[in-house]
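Remarks on the structure that follows.
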Amino acid sequence: MNRSTTLPLLAAAVAALLLAGPADAGERHRAVQAASPQPVAEVLRTGGGTVSGSVAAVGVNWMTVQDDSARTDVRVRGALPQGIAQGAPITVTGRVREGGLMASEIILADGSLHRPSRDHDDD
């Protein structure tokens, strides 16, 4: 190939890559994972992340987590893991859904990691 055909082909290849975006661009709902916990208010504002706080209330498939900035309901698909009690410290990773967090990971005070079954109904 000479230079006059190589440059247009190279430009077309670069343009195609830029327009295609990342390979997983079609996967809109991936688990959110922050590098470190953020305040509850910040996670609610930005759409997801990791929060550390204390459990303010507990239900079968939900809990309320609070820190100094705010409180939020946290839901899971299925039931919450055993060992979650009011007043206990907890860390939750999730994304904002209907004003609260949909948990993708829960870390209990003893350090155990729980990954609730994935939420497929919100695509």
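Side-chain atoms are counted along with the backbone in the values below, which use heavy atoms only and exclude waters and symmetry mates.
Using a distance-only test at 3.5 Å, with no hydrogens or angles considered, no donor-acceptor pair links the side chain of T50 to the main chain of S36. A distance-only check finds a donor-acceptor pair linking the side chain of Q86 to the backbone of A56 [under 3.5 Å].
In this structure, V76 and P116 approach most closely via the heavy-atom pair CG1-CG, 3.6 Å. Taking each heavy atom of R97 and R75 in turn, the nearest pair found is CG-NH2, 3.3 Å. P81 and I106 make their closest contact through CD-CD1, 4.1 Å (heavy atoms, listed as atom of the first residue, atom of the second, distance). Minimum heavy-atom separation, G100 to T72: CA-OG1, 3.4 Å. Nearest heavy-atom pair, V51 versus P37, reported as atom, atom and distance to 0.1 Å: C-CB, 4.3 Å. Between A85 and V58 the shortest heavy-atom distance is C-CG2, 4.2 Å.
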Test side chain to side chain contact (heavy atoms under 4.5 Å, CB included) applied to M63 and L80, step by step:
CA-CA 8 Å; M63 65 181 146; L80 287 173; 4.1 Å; yes
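Atoms CD and OG, from Q66 and S54 in turn, are 4.5 Å apart once rounded to the nearest 0.5 Å. Of the inter-residue distances, the one linking I90 atom CD1 with L108 atom CG reads 5.5 Å to the nearest 0.5 angstrom.
Remark: S69 engages D67 in a side chain to side chain donor-acceptor pair (under 3.5 Å) (not counting sequence neighbours). Every residue two or more places apart in sequence or in another chain that forms a side chain to side chain donor-acceptor pair (under 3.5 Å) with D110 is listed here: S112. Partners of A57 according to the side chain to side chain contact (heavy atoms under 4.5 Å, CB included) rule, which considers only residues two or more places apart in sequence or in another chain, are W62, T64. Residues satisfying the side chain to side chain donor-acceptor pair (under 3.5 Å) test with T91, not counting sequence neighbours, are S52. Partners of A70 according to the side chain to side chain contact (heavy atoms under 4.5 Å, CB included) rule, which considers only residues two or more places apart in sequence or in another chain, are V40, A41.
Residue L113 shares its hydrophobic cluster (ILVMFWY side chains chained together at separations under 4.5 Å) with I107.
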